[in-house]
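Throughout, protein chains are lettered first and strands after them, A, B, ... in sequence-line order, and every chain is numbered starting at 1. Since the structure is predicted, the reported quantities are computational estimates derived from the model, not experimental observations.
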Number of protein chains: 2
Amino acid sequence: MSVQERKERERATRQRLILATARELAEQHGWDAVTTRRLAERIEYSQPVLYSHFRGKREIVGAVALEGAAELAIALRAAASAADGPRARVAALARAYLDFAQRNPAVYDAMFQLDGGLAFAQPDTPEPLKDAFAALLENLGEVAGADVDPGLFTEVFWAAVHGLATLTRTGRLPPEDAERRTELLVNRLATL
Amino acid sequence: MSVQERKERERATRQRLILATARELAEQHGWDAVTTRRLAERIEYSQPVLYSHFRGKREIVGAVALEGAAELAIALRAAASAADGPRARVAALARAYLDFAQRNPAVYDAMFQLDGGLAFAQPDTPEPLKDAFAALLENLGEVAGADVDPGLFTEVFWAAVHGLATLTRTGRLPPEDAERRTELLVNRLATL
DNA sequence: CTCGTACGTCTAGCAATGCTAGGCTCGGGT
DNA sequence: ACCCGAGCCTAGCATTGCTAGACGTACGAG
């Protein structure tokens with residue numbers, strides 16, 4: 001039995017290596033540079049090995065996305081708990097979200113720009129994705145307003161910061177005004 | 001001289017054919033299905049002909065994006081002029097924008113998701129893009145608020161509706177609540 | 001009207017991509 | 001000690017964007 005356990009351990013280690021390498025490659029040179037050949041070469045295995053861990057490139061993207069979602073949830077909760085007062089909490093959430101997107105552009109792309117084969121907004125949505133949304137929801141309810149559904153408010157908040165993140169990152173909005181835009185958005189959304 | 005003119009006319013016609021075909025193919029089966037071979041086959045020319053009109057696929061995407069921007073500007077202005085009162089105008093703009101994105105997903109992708117090699121938010125930004133932004137700006141100034149820069153407010157508005165459009169379209173937000181989200185967003189942004 | 005030229009188009013091919021089939025080798029269990 | 005199978009690699013397929021070079025045709029000069 002010990003042999004099998006060892007093999008499984010090695011397999012898990014290698015899987016982590018694949019994901020870490022894919023992520024590193026993506027952050028350094030973009031997802032286009034993450035080819036199966038390059039990835040295989042970096043982990044010092046042949047390409048078919050990748051396919052014994054993942055169905056294909058899409059699934060690798062999806063796996064990185066799930067990692068990122070877990071990290072985003074942590075970052076959001078940390079930011080929220082460090083702020084005092086509902087208004088400050090909303091601002092902190094927005095900044096933490098945009099900060100995450102800016103610091104981990106490739107991971108952000110894997111989550112929200114690319115197709116990682118993940119189900120969103122459905123019963124079979126993976127837990128990390130639900131949890132990242134929950135991290136927003138549990139802090140936004142108090143500023144949604146009396147007659148506004150907290151879930152709906154969270155969706156709108158998310159969409160707005162997502163729009164800021166992507167348009168800024170792709171150079172479609174001038175980067176120098178990013179902070180002022182965030183401030184304005186928070187002012188409008190968080191009606192105390 | 002007449003010969004040369006005729007040739008230029010034919011060239012322009014063929015260029016329009018290429019763009020219309022690319023757009024049609026993209027709307028029907030997504031941009032991934034727009035390969036140079038398929039596109040060439042549809043227009044009944046060989047692939048190299050495409051490269052005598054455009055530097056490459058990216059430039060085709062960019063050209064479709066500019067077409068789309070012009071149409072979007074028209075749609076936005078039409079919607080704005082049909083509404084009376086500042087508040088209704090904002091709502092009409094948001095609905096027109098989201099409606100455009102939903103009806104022309106491939107064109108929307110060409111404009112805001114894909115890389116068409118276009119410059120945004122810069123001095124050399126193509127006119128249609130500037131004009132589409134202007135169509136928003138000229139109608140949003142009156143609801144930005146006294147101490148808020150209209151340009152900045154327009155950017156935030158744009159980012160928010162863009163977020164709604166993309167997240168909804170990629171199945172990351174439940175489609176059935178789209179209308180309620182729009183309403184909520186407009187309520188918050190348009191403080192009279 | 002004829003002929004050379006130049007433009008426009010096509011055939012063929014390159015490197016790179018995601019993915020897969022088939023065989024080889026080395027380790028483990030009997 | 002030997003056989004068998006898991007696990008890995010080499011090699012290859014179809015498809016992608018893009019390009020080089022040859023070929024034909026239609027134009028313009030004589």
Side-chain angles (χ1 to χ4, degrees), chain A residues 1-19 21-23 25-26 28-65 106 109-110 113-117, chain B residues 1-19 21-23 25-26 28-65 106 109-110 113-117:
Chain A
M1 278 302 149
S2 175
V3 170
Q4 192 176 348
E5 285 178 9
R6 192 204 66 209
K7 291 203 172 179
E8 280 182 20
R9 223 169 33 232
E10 289 173 352
R11 230 187 116 70
T13 302
R14 197 171 58 180
Q15 173 132 344
R16 279 194 299 274
L17 175 63
I18 293 174
L19 288 182
T21 307
R23 182 169 172 171
L25 214 43
Q28 282 179 354
H29 306 104
W31 276 103
D32 280 351
V34 184
T35 68
T36 56
R37 277 172 182 77
R38 235 191 302 264
L39 184 50
E41 194 190 8
R42 289 271 183 118
I43 65 168
E44 297 184 311
Y45 282 95
S46 65
Q47 297 131 21
V49 167
L50 299 174
Y51 292 85
S52 74
H53 286 268
F54 303 96
R55 282 174 170 277
K57 188 179 174 181
R58 162 191 292 202
E59 214 171 276
I60 295 177
V61 172
V64 170
D109 283 348
Q113 294 284 118
L114 303 176
D115 177 16
Chain B
M1 276 307 149
S2 175
V3 170
Q4 192 176 347
E5 284 178 10
R6 193 205 65 209
K7 289 204 172 178
E8 280 182 21
R9 222 168 35 231
E10 288 173 353
R11 229 187 118 69
T13 302
R14 196 171 59 181
Q15 174 133 342
R16 280 194 299 274
L17 175 63
I18 293 174
L19 288 182
T21 307
R23 184 170 171 170
L25 213 43
Q28 282 178 355
H29 305 105
W31 277 103
D32 279 350
V34 185
T35 69
T36 56
R37 278 172 181 76
R38 235 190 301 265
L39 184 50
E41 193 190 10
R42 289 272 182 117
I43 65 169
E44 296 183 312
Y45 281 96
S46 63
Q47 297 130 21
V49 167
L50 299 175
Y51 292 87
S52 74
H53 287 268
F54 303 96
R55 283 175 170 277
K57 189 179 173 180
R58 163 190 296 205
E59 212 172 277
I60 295 178
V61 173
V64 171
D109 283 348
Q113 293 285 121
L114 304 176
D115 177 16

Whole angstroms only, please: what is the [atom1]-[atom2] distance between [X] and [N]?
X: E41(B); N: dC10(C); atom1: CD; atom2: P; answer: 13 Å
X: E59(B); N: dG17(D); atom1: CD; atom2: P; answer: 15 Å
X: F54(A); N: dT20(C); atom1: CZ; atom2: C1'; answer: 18 Å
X: L39(B); N: dG17(D); atom1: CG; atom2: C1'; answer: 12 Å
X: H53(A); N: dT20(C); atom1: NE2; atom2: C1'; answer: 17 Å
X: Y51(B); N: dG21(D); atom1: OH; atom2: C1'; answer: 17 Å
X: E10(A); N: dC26(C); atom1: CD; atom2: C1'; answer: 14 Å
X: L50(B); N: dC18(D); atom1: CG; atom2: C1'; answer: 11 Å

If you define the side chain from C-beta out and look only at heavy atoms, does anything of V49(A) sit under 4.5 Å from R14(A)?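 Side-chain contact under 4.5 Å: yes.
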
Got I60(A) and L39(A) here, is their nearest side-chain heavy-atom distance under 4.5 Å?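 They are in contact (side-chain heavy atoms under 4.5 Å apart), so the answer is yes.
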
For residues 29-37 of chain B, tabulate all N or O donor-acceptor pairs below 3.5 Å that involve a side-chain atom, not counting sequence neighbours.
| unit_1 | atom_1 | unit_2 | atom_2 | d |
| --- | --- | --- | --- | --- |
| W31(B) | NE1 | A106(B) | O | 2.8 |
| T35(B) | OG1 | R38(B) | N | 3.1 |

Would you mind telling me which residue lines up with the more 5' stretch of DNA chain C, D32(A) or R55(A), judged by nearest nucleotide?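 On the 5' side of the pair lies D32(A).
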
Give a yes/no on whether any side-chain N or O of R38(B) is located under 4.0 angstrom from OP1 or OP2 of dT16(D).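 For dT16(D), OP1 or OP2 has a side-chain N or O of R38(B) closer than 4.0 Å.
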
Can you see if the side chain of T36(B) gets near the phosphate of dC18(D) - specifically, an N or O under 4.0 Å from OP1 or OP2?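 Looking at the OP1 and OP2 atoms of dC18(D), neither is under 4.0 Å from any side-chain N or O of T36(B).
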
If a pair satisfies salt bridge (charged side-chain N to carboxylate O under 4.0 Å, His left out) and one of its residues is in residues 43-65 of chain B, list it, with sequence neighbours excluded.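 Listed by first then second residue: R55(B)-E59(B), R58(B)-D115(B).
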
Where A63(B) and F54(B) come nearest, the two heavy atoms and their spacing: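 Scanning both residues completely, I find the closest heavy atoms to be CB-CE2, 3.9 Å.
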
How would nucleotides 3-9 of chain D be written as a contact map, 5' to 3', with B for base contact, S for sugar-phosphate-only contact and - for no contact, using protein heavy atoms under 4.0 Å? -----SB

With sequence neighbours excluded, what pairs up with E10(A) under the side-chain contact (heavy atoms from CB on, under 4.5 Å) test?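 E10(A) satisfies side-chain contact (heavy atoms from CB on, under 4.5 Å) with R6(A) only.
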
Under the side-chain hydrogen bond (donor to acceptor under 3.5 Å, both in side chains) test, residues paired with E41(A) that sit two or more places apart: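 In terms of side-chain hydrogen bond (donor to acceptor under 3.5 Å, both in side chains), with neighbours along the sequence ignored, E41(A) is linked to no residue.
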
